[in-house]
S.K.: 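Quick one: this structure, given as structure tokens, is what I'll be asking you about.
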Amino acid sequence: MVLRKPEELEEIKRRFLEHYKGSQTELNYKNDYELLIAIILSAQCTDKRVNIITPALFKKYPDIKSLACANLDDVKELIKSCSFFNNKAKNIIEMAKIVRDKFNCKIPHDHKELIKLPGVGNKTANVFLIELNGENRMAVDTHVFRVVHRLGITDAKTVEQTEKDLIEAFKTDLNELHQGFVLFGRYICTAKNPKCDKCFVPDFCVTKESFKAR
Ligand code: SF4
């Protein structure tokens, strides 16, 4: 359920858009292929780690065609410093095979088709479309979930409900708000020891006094 009044939501939105105007993902990529792979690898892993891994991976497997024919052990070796690398290696190769065979090597830019690909869930598809096309979508990762709860925007217990509540609450500019919530959660409203002295929305915080016990 959305807990904030419309005028409060408007103010939160205004401040986030002001602070994070034009922000983009911190993942390095040159095209839709590299972006999708980087987002898949970033699940439960930091963007920094992914940016260390991907140059060698993309050098050896620069496109869908080459990745679809890749040797599984070789891909595992290239991404082994990433969490869940076994599954991720299998998924990206399978994803590449399907895109090669079903989509003529062109990654679909459609949410319904994207979520059918191995390793691509709702959140990954949303992040991909937000970043690539600036689509008006919300993707709820661990940072977004924490931040919007600390700001008392929603009491949703699940990621899915949180996404619905945020869409209902803000309606537009969701892509920029997503980027803003991620960056705010990553660098200011961190899980442990948030930098509350740098916070630009402390008047909306409902956990400022209690976060130490969380
Ligand atoms: S005051 Fe601190 S805990 Fe609250 S939203 Fe701001 S950074 Fe996060």
Side-chain angles (χ1 to χ4, degrees), residues 1-29 35 38-52 82-84 121-131 134-214:
M1 197 170 97
V2 178
L3 303 176
R4 290 277 177 199
K5 293 181 199 142
E7 57 271 28
E8 294 173 324
L9 294 167
E10 208 43 53
E11 181 57 19
I12 291 171
K13 182 177 184 174
R14 191 191 66 73
R15 289 193 214 171
F16 271 88
L17 293 184
E18 186 183 298
H19 274 80
Y20 296 108
K21 189 110 201 92
S23 300
Q24 291 183 323
T25 178
E26 295 185 311
L27 292 167
N28 296 334
Y29 70 96
L35 176 63
I39 297 171
I40 293 172
L41 295 181
S42 73
Q44 318 274 330
C45 188
T46 64
D47 288 4
K48 254 188 202 158
R49 166 63 42 200
V50 173
N51 286 339
I52 292 169
C82 189
S83 52
F84 304 106
N122 175 51
K123 187 187 76 184
T124 300
N126 281 337
V127 173
F128 178 76
L129 294 170
I130 285 171
E131 184 59 33
E135 288 191 16
N136 187 43
R137 291 178 175 276
M138 178 52 65
V140 179
D141 69 0
T142 176
H143 298 303
V144 176
F145 189 87
R146 182 177 64 255
V147 163
V148 301
H149 281 80
R150 281 183 177 172
L151 293 177
I153 295 169
T154 169
D155 60 356
K157 300 276 182 285
T158 64
V159 163
E160 292 75 19
Q161 189 56 46
T162 303
E163 182 187 318
K164 281 188 192 142
D165 283 355
L166 293 178
I167 293 169
E168 183 192 326
F170 295 112
K171 294 180 182 61
T172 59
D173 303 299
L174 297 174
N175 48 336
E176 292 210 49
L177 282 171
H178 162 78
Q179 306 283 25
F181 290 148
V182 170
L183 293 172
F184 181 67
R186 191 174 285 163
Y187 297 111
I188 297 177
C189 193
T190 45
K192 286 184 194 160
N193 304 320
K195 326 258 175 315
C196 300
D197 54 325
K198 295 199 175 118
C199 184
F200 54 85
V201 276
D203 43 330
F204 292 102
C205 182
V206 293
T207 57
K208 198 168 38 179
E209 305 307 325
S210 62
F211 66 79
K212 279 178 189 153
R214 284 160 76 85

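Indexing begins at 1, ligand by ligand and atom by atom, following the structure's order.
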S.K.: Within the stated cut-off of 2.8 Å, is an N/O/S atom of Cys196 closer than that to atom 4 (Fe) of ligand 1?
M.R.: no
S.K.: Against heavy atoms of Leu151, which atoms of ligand 1 measure under 4.0 Å?
M.R.: 5 (S)
S.K.: In terms of ring plane angle, is the pair Phe170 and Phe181 parallel, tilted or perpendicular, where the classes change at 30° and 60°?
M.R.: tilted
S.K.: Return the set of residues passing side-chain contact (heavy atoms from CB on, under 4.5 Å) with Leu17 (not counting sequence neighbours), or none when no residue passes.
M.R.: Lys13, Asp173, Glu176, Leu177
S.K.: Verify, without hydrogens or angle tests, whether Asp155 (side chain) and Met1 (backbone) share a donor-acceptor contact under 3.5 angstrom.
M.R.: yes
S.K.: I'd like to know if Glu10 pairs up with Arg14 as an ion pair, taking the criterion as any Lys NZ or Arg NE/NH1/NH2 lying under 4.0 Å from an Asp or Glu carboxylate oxygen.
M.R.: no
S.K.: Quick check: does Cys205 have an N/O/S atom under 2.8 Å of atom 8 (Fe) of ligand 1?
M.R.: no
